[in-house]
Trainee: 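Here it is, the structure in full.
Just so we're clear, the structure is a prediction, and the values are computed from it rather than from any experiment. Side-chain atoms are counted along with the backbone in the values below, which use heavy atoms only and exclude waters and symmetry mates. So you know, we letter chains A, B, ... as the sequences are listed, proteins then strands, and number each from 1.
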There are 2 protein chains.
Amino acid sequence: MAGIREIAERAGTSIATVSRVVNGSGYVSPAMRAKIETVIAELQFRPNAGAALMRRGKSRMVGVLLPALDVKFFGILAHVIEQGLFARGYHAFICCSSESPEHEAEYVAAMLAQRVDGVIIASVSAESTAAARLVAAGVPLVAVDREIAGAVSVRADHYAGGRLMADYLLGLGHRRIAVVGAPQHAMPVQQRLAGVSDRLAEAGLEPVAVRLGPRHQFEACIEVAAALLDTGVVADAMVGLTDIAALGAIHALHAKGIRVPEDVSVIGFDDMPMARYVLPQLTTVAQPIREIGALAVEQMIRLMTGAALSHEELPALSVVVRGTTARR
Amino acid sequence: MAGIREIAERAGTSIATVSRVVNGSGYVSPAMRAKIETVIAELQFRPNAGAALMRRGKSRMVGVLLPALDVKFFGILAHVIEQGLFARGYHAFICCSSESPEHEAEYVAAMLAQRVDGVIIASVSAESTAAARLVAAGVPLVAVDREIAGAVSVRADHYAGGRLMADYLLGLGHRRIAVVGAPQHAMPVQQRLAGVSDRLAEAGLEPVAVRLGPRHQFEACIEVAAALLDTGVVADAMVGLTDIAALGAIHALHAKGIRVPEDVSVIGFDDMPMARYVLPQLTTVAQPIREIGALAVEQMIRLMTGAALSHEELPALSVVVRGTTARR
DNA sequence: TTGTAAGCGTTATCAA
DNA sequence: TTGATAACGCTTACAA
């Protein structure tokens, strides 16, 4: 496999000049550049990232650690982050831990070995040591959608979002409000729940029922909502702490012959594409996920370049009114 | 930053032995191993992947090139492939081209520079040169969901799937069948369409209307279906060449006050989670996406290890009957 | 504008 | 079971 040395020989120049051409650094005369580029193409030269990394000590790569890729939220996040990083001249090293600590540990080791310039980490399980190891290694760290000790954090104000959901339902005249959600251990979910409860308390109310499931999966969410309904509680509105949970509630309601929104209003959270798939379309609180991803990249760049962190506020959450809510 | 040399010094041994411990290769006495591991932990030693790559010439990494990560199909695929690769001792280098040739070219270069042991490439735009460059570089290549010259291909039989859709509708007594889909340039979509048309032809029929949109996005799909409906064609069943397209058809139908499945039956293709979100839930042809991902990994392993390729048949496609189809 | 030369941190071969 | 040593291919001062 042709190396820089062979290129230099054939082009009648030195390896230093070839390196300059390959990296676009330093001065090279147009004639020389053209000649070298020709030889590079001829010999199908492919630079060796290992050698470059060894010399440079850094890789212009940013690790992106996510718990899953088959979950829409993370898929979108990965996409936005990749775009942002690319635009700034960095490559994304996307890793998904698949909820497995073993995977996670191995990918963290791989990132460290790869000498990534930083890591953007999205809501990994609480008992994971990934963040700690990264911090210990002195790698710039940006947490997305959760807080991590020693790391900059970028996330929506889930508590405010919870208040918003309750507020909107209250404004519609609903008083008997039930809440369903999952996964129960997720911090954002708990914060939204707290927001809902607090806002209701201010109105002298409390949820008529709360039910959180362990798994954030459609079928499981339907079951959680069905179980709640089976207790016989009477609600005139239901809060889904995520869009999936709201969709689960709608299906559970439907199975019982209860109409949405005529009998019961339903509101979700996230505004993922799925919110628009149901009929009627789901009213939900939109989470500015793309802005979150973009801001995470921006903070990472600042961290890596030593610039001051921005204290920019996240775009506000907002209720997207669609068809599953109605005045009481 | 501590290197293997320093570790050796502090442990009172040679770098060769340290290397053996780090890589778990060769013989090292338990006592020596313990001592070295202690020092490694103390100094927070992190191996340098660049140096290792330079020496070894390969990275035990497999590139995974996808057009997007925020599309459910690819998210699931990436997830399955990552899992399979991990289980075989390889790391996945997941790259998404974001539909941009520029991104794609750069990631291909990065993969080449990284000396990946192989690349699994999923349906990238036809005019991309990615596959060609990879083939030229002699990198083992497995194409998923599309065919690429010079590469092993793993994909569902979309043509058969198309026939299956038509077949099922025909069996229900439908005769006036319209077809909508997107993106029109995608080979799988065209193959499904061919399957539908051929099966109808065997029954002496042809689609009452066909409409393909350029973008596979929910809103765009609704518009495509609405435009088809606006022409005034009378159909008693609609085929969505993807689940999204089918969902778009349902929404367009709904907007016109046409009931599903009472007035018009709708069938989709893929069986993504979204098929279950709508009410009634979508009847669709299930694509064995997880098996496809797993098989792609298996073929890649065989390619890399020089084993014979398997000629295993893909699990058959099947109609998942849910609520959007009814007897005429 | 181009060339010289000194490593970078490993792995693997061979010898002990 | 361990050690010495020679690459691996590149970047980057510094010199010319």
Trainee: Would you say a side-chain N or O of A:Asn23 is under 4.0 Å from OP1 or OP2 of D:dT11?
Mentor: yes

Trainee: Could you tell me how far apart B:Ile15 (CD1) and C:dT11 (C1') are, to the nearest whole angstrom?
Mentor: 9 Å

Trainee: Nearest whole Å is fine: how far is D:dG9 P from A:Leu43 CG?
Mentor: 14 Å

Trainee: Which is true for A:Ser29 with a 4.0 Å heavy-atom rule: it touches a base, it touches only sugar-phosphate, or it touches nothing?
Mentor: sugar-phosphate

Trainee: Determine the contact category for A:Leu53: base if any of its heavy atoms lies under 4.0 Å from a base atom, sugar-phosphate if only primed atoms, P, OP1 or OP2 are that close, otherwise nothing.
Mentor: nothing

Trainee: Whole angstroms only, please: what is the NZ-P distance between B:Lys58 and D:dG9?
Mentor: 15 Å

Trainee: Record whether the side chain of B:Arg55 comes under 3.5 Å of the base of D:dA7 through a donor-acceptor pair of N or O atoms.
Mentor: yes

Trainee: Between C1' on C:dG7 and CG on B:Asn48, what's the gap in Å once rounded to a whole number?
Mentor: 13 Å

Trainee: When you measure from the side chain of B:Thr38 to the backbone N and O of B:Ala34, does any donor-acceptor pair fall under 3.5 Å?
Mentor: yes

Trainee: Which nucleotide in the set D:dT11, C:dC8, D:dT5 lies at the smallest distance from any side-chain heavy atom of A:Ala52?
Mentor: D:dT11

Trainee: Judged by each residue's nearest nucleotide on DNA chain C, which is more toward the 5′ side, A:Arg33 or A:Arg5?
Mentor: A:Arg33

Trainee: How many Å lie between CD on A:Glu9 and P on D:dG9, as a whole number?
Mentor: 14 Å

Trainee: Give the rounded distance in Å between these two atoms: CE of B:Met54 and P of D:dC10.
Mentor: 9 Å

Trainee: Counting only side-chain nitrogens and oxygens, does B:Thr17 get under 4.0 Å of the OP1 or OP2 atom of D:dT2?
Mentor: no

Trainee: Relative to each other, are the rings of A:Phe93 and B:Phe93 parallel, tilted or perpendicular (30° and 60° limits)?
Mentor: perpendicular

Trainee: If you pin A:Ile4 and A:Arg20 to their nearest nucleotides in DNA chain D, which one's is more 5'?
Mentor: A:Ile4

Trainee: Is there a donor N/O on one and an acceptor N/O on the other, under 3.5 Å, for the side chain of B:Arg115 and the base of D:dG9?
Mentor: no

Trainee: Between the side chains of B:Arg5 and B:Glu9, is the shortest nitrogen-to-carboxylate-oxygen separation below 4.0 Å, so that they form an ion pair?
Mentor: no

Trainee: Would you check if B:His103 and A:Gln83 make a side-chain contact, meaning some heavy-atom pair closer than 4.5 Å?
Mentor: yes

Trainee: Expressed in angstrom and rounded to an integer, what is the separation of A:Arg56 atom CZ from D:dA13 atom C1'?
Mentor: 16 Å

Trainee: Answer with base, sugar-phosphate or nothing: what part of the nucleic acid does A:Thr13 contact at a heavy-atom distance below 4.0 Å?
Mentor: sugar-phosphate

Trainee: Answer with base, sugar-phosphate or nothing: what part of the nucleic acid does A:Val28 contact at a heavy-atom distance below 4.0 Å?
Mentor: sugar-phosphate

Trainee: Using the six-membered ring wherever Trp is involved, compare the ring planes of A:Tyr107 and B:Phe86 and label them parallel, tilted or perpendicular (cut-offs 30° and 60°).
Mentor: tilted

Trainee: Start at the 5' end of DNA chain C and walk down; is the nucleotide closest to A:Ala16 or to A:Pro30 reached first?
Mentor: A:Pro30

Trainee: I'd like to know whether A:Asp145 forms a side-chain contact (heavy atoms from CB on, under 4.5 Å) with A:Ile292, so could you lay out the CA-CA distance, the side-chain angles of the two residues, the decisive distance to 0.1 Å, and finally the verdict.
Mentor: CA-CA 8 Å; A:Asp145 204 41; A:Ile292 288 174; 5.6 Å; no

Trainee: Using atom CD1 of B:Ile7 as one end and atom C1' of D:dG3 as the other, report the distance to the nearest whole Å.
Mentor: 17 Å

Trainee: Considering just the side-chain nitrogens and oxygens of A:Ser19, establish if one lies under 4.0 Å of OP1 or OP2 belonging to D:dT11.
Mentor: yes

